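Right, one structure below, let's go through it.
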Amino acid sequence: MDLADIDRGESTGTIRNRILDAQGMQGDRNRSFGVRFNCDLPDEPEKWGWGNRSARELMESAFKLLGLTARSYHKVLKVARTIADLDGSDSIADVHIAEAVGYRFLDRRYRQEEGL
């Protein structure tokens, strides 16, 4: 396989624009909470675009399966909210939860391997 034939994905400019759009969405939506970014949201997901029933059920399953703490639960949801923003979605969907949980799992695994 020739590396020149591999699809290079999104350009840096395209990614930058998606990030700026997501930050704009966050700023508009989060203004009522007195914060700009999702990481600063209060730990009350039902107030900030939680998502549909299946997304909630997936998050509950992950909570139980991974033994997440309440703190980790809210962190994962805030990451999922950011992923949804990058996707241009007004609400958190299953796919956003799954991606955020995957990042949490990888972070946990890395920390165990590094002895952190």
Side-chain angles (χ1 to χ4, degrees):
M1 174 186 280
D2 186 2
L3 290 178
D5 295 333
I6 295 176
D7 181 19
R8 300 207 185 272
E10 293 178 291
S11 71
T12 304
T14 300
I15 294 169
R16 180 181 188 278
N17 289 336
R18 269 197 319 125
I19 290 169
L20 292 173
D21 289 345
Q23 287 177 339
M25 287 176 69
Q26 288 178 31
D28 292 343
R29 184 186 54 251
N30 298 342
R31 186 174 293 118
S32 64
F33 299 106
V35 300
R36 181 168 179 202
F37 298 110
N38 292 339
C39 63
D40 298 320
L41 283 168
D43 292 340
E44 303 172 73
E46 63 281 353
K47 294 184 179 179
W48 39 266
W50 201 153
N52 60 30
R53 182 180 188 152
S54 61
R56 289 176 191 232
E57 289 172 355
L58 179 59
M59 188 60 210
E60 292 300 322
S61 295
F63 178 74
K64 292 173 186 170
L65 193 68
L66 296 175
L68 297 176
T69 62
R71 183 176 171 197
S72 293
Y73 177 90
H74 288 106
K75 283 183 175 184
V76 169
L77 280 178
K78 289 174 184 180
V79 170
R81 175 69 263 171
T82 300
I83 293 166
D85 291 339
L86 288 168
D87 202 24
S89 178
D90 289 332
S91 64
I92 301 169
D94 306 41
V95 65
H96 307 131
I97 296 287
E99 187 174 342
V101 167
Y103 294 141
R104 176 65 184 149
F105 177 76
L106 288 173
D107 179 59
R108 178 182 278 180
R109 186 173 173 192
Y110 169 77
R111 289 177 178 277
Q112 287 174 346
E113 289 175 1
E114 295 298 316
L116 301 173

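Keep in mind it's a predicted model, so treat the numbers as computed, not measured. One is the number of the first residue; the rest follow in order along the sequence.
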**Prompt:** Between N30 and L41, is a side chain to side chain contact (heavy atoms under 4.5 Å, CB included) present by the stated rule, with each step listed?
**Reply:** CA-CA 7 Å; N30 298 342; L41 283 168; 3.3 Å; yes

**Request:** Taking all non-hydrogen atoms of both residues into account, name the closest pair between L68 and M59 and its distance.
**Result:** CD1-CE, 3.9 Å

**Message:** Could you check whether atom CG of D90 has more than 12 heavy atoms from other residues, nucleotides or ligands sitting under 6.0 Å from it?
**Reply:** no

**Message:** With rounding to the nearest 0.5 angstrom, report the CG to CD distance, D28 to Q23.
**Reply:** 12.0 Å

**Prompt:** What are the two closest heavy atoms between K78 and C39, and how far apart are they?
**Reply:** NZ-O, 3.6 Å

**Message:** I need the full list of salt bridge (charged side-chain N to carboxylate O under 4.0 Å, His left out) pairs touching residues 12-27, with sequence neighbours left out, sorted by first then second residue.
**Reply:** E10-R18

**Message:** Quick check: closest heavy atoms across A84 and S91, and the distance to 0.1 Å?
**Reply:** CB-O, 3.7 Å

**Item:** Trace of the side chain to side chain contact (heavy atoms under 4.5 Å, CB included) decision for N52 with D94
**Value:** CA-CA 8 Å; N52 60 30; D94 306 41; 3.4 Å; yes

**Message:** Grouping I, L, V, M, F, W and Y whenever their side-chain heavy atoms are under 4.5 Å apart, do V35 and M25 come out in a common cluster?
**Reply:** no

**Matching residue for R81 among H96, R29, Q26 - test: side chain to side chain contact (heavy atoms under 4.5 Å, CB included)** = R29

**Item:** I19: hydrophobic cluster co-members (side-chain, 4.5 Å)
**Value:** I15, L86

**Asked** When clusters are formed by joining ILVMFWY residues with side-chain heavy atoms under 4.5 Å apart, either directly or through shared neighbours, do V95 and V101 land in the same one?
**Response** no

**Item:** Nearest atoms (heavy-atom pairs only) where A70 meets F63
**Value:** N-CE1, 4.3 Å

**Prompt:** Is R71 salt-bridged to D43, going by a charged N under 4.0 Å from an acidic O?
**Reply:** no

**Asked** What are the two closest heavy atoms between A100 and A80, and how far apart are they?
**Response** CB-N, 3.7 Å

**Prompt:** If every non-hydrogen atom of L77 is compared with every non-hydrogen atom of I92, which pair is closest and at what distance?
**Reply:** O-CD1, 4.0 Å

